[in-house]
Amino acid sequence: MTKPTIIVAPDPRLKQRAMPVARVDGEIRQLMDGMLDAMYAANGVGLAAPQVGVLKRIIVVDTSQPEEAPEPHRMVNPEIVWTSDDSIRREEGCLSLPEHYAEVTRPERIRVRYLDAENEIRELEAGGLLARCVQHEIDHLEGTLFVDHISSLKRNIILRKLTKTKRMAPVPA
Ligand code: NI
C-alpha cells in the first residue's frame with residue numbers, strides 16, 4: 001500500500017471510537033507497515049490507525065533512540081491491564097497536532113495486552129517514554145487527543161492555530 005497520509009486536527013475522524021479487529025491478517029499487517037513508514041517519515045514515535053483514517057484498534061510505536069536499532073511495536077486491540085500508582089507529568093506532542101506541545105500527567109508504568117502481527121496475545125510492561133507513548137496512542141482509539149487532557153483554554157488556542165495553518169496549507173498534490 002502507499003504510505004498513508006496523517007490527518008491533522010481538528011478533524012471529526014480523530015474524535016471517533018475505533019472498532020476492534022477480529023483477526024490480524026495480511027491486510028492488517030500491511031496497514032501496520034504503512035503506518036510505521038508514515039510514522040518514521042514524520043519523525044514520530046507512535047501512530048494510531050484513526051490518524052490515517054482507519055477506525056480500527058491498531059497502534060504502532062517505536063521509542064528507540066535515533067542511534068539505536070529500530071524497535072517497532074505493532075499492537076492490535078491494545079488494552080491497558082495495569083497502571084502504576086505513580087504518575088508523571090511530561091511534555092507531549094502528536095503527529096496530528098504538528099508543532100504543538102503540552103504537559104500531560106499519566107501513570108508512569110503500565111502493562112498492555114494486545115494481539116501481535118501473528119494474531120498472538122501478548123503482554124508488555126513498560127515505563128518511561130514507551131509507557132507514555134502507548135497510553136497516548138490508545139487514547140486515539142477512544143477519539144481522545146492529548147489536548148483533551150489540558151485546560152479548554154489551552155486546547156482552544158492550539159486548535160485555533162491548527163485551523164489557521166490548515167487554511168493556509170496548499171492542497172496536497
Ligand atoms: Ni498522537
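It should be emphasised that the depicted structure is a prediction, and the values quoted were computed from it without experimental measurement. For ligands, and for the atoms within them, numbers begin at 1 and follow the listed sequence.
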query = Between S84 and D86, does any side-chain donor sit less than 3.5 Å from a side-chain acceptor?
reply = no

Identified side-chain contact (heavy atoms from CB on, under 4.5 Å) counterpart of H100 within the set T165, I157, I158 = I158

Kindly list each side-chain donor-acceptor pair under 3.5 angstrom involving residues 45-55, sequence neighbours excluded, with atom names and distances?
{"residue": "Q51", "atom": "OE1", "partner": "A48", "partner atom": "N", "Å": "2.8"}
{"residue": "Q51", "atom": "NE2", "partner": "S96", "partner atom": "OG", "Å": "2.9"}

note = For Y40 and P70, the nearest pair of non-hydrogen atoms, with its separation, is OH-CB, 4.0 Å

key: Non-neighbouring partners of H136 that pass ring-ring contact (aromatic ring centres under 6.0 Å, His included), sequence neighbours left out   = H140

task = Could you tally the protein N/O/S atoms lying less than 2.8 Å away from the Ni ion (ligand 1)?
result = 3

Sequence-distant partners of P20, side-chain contact (heavy atoms from CB on, under 4.5 Å), two or more places apart = R57, N77

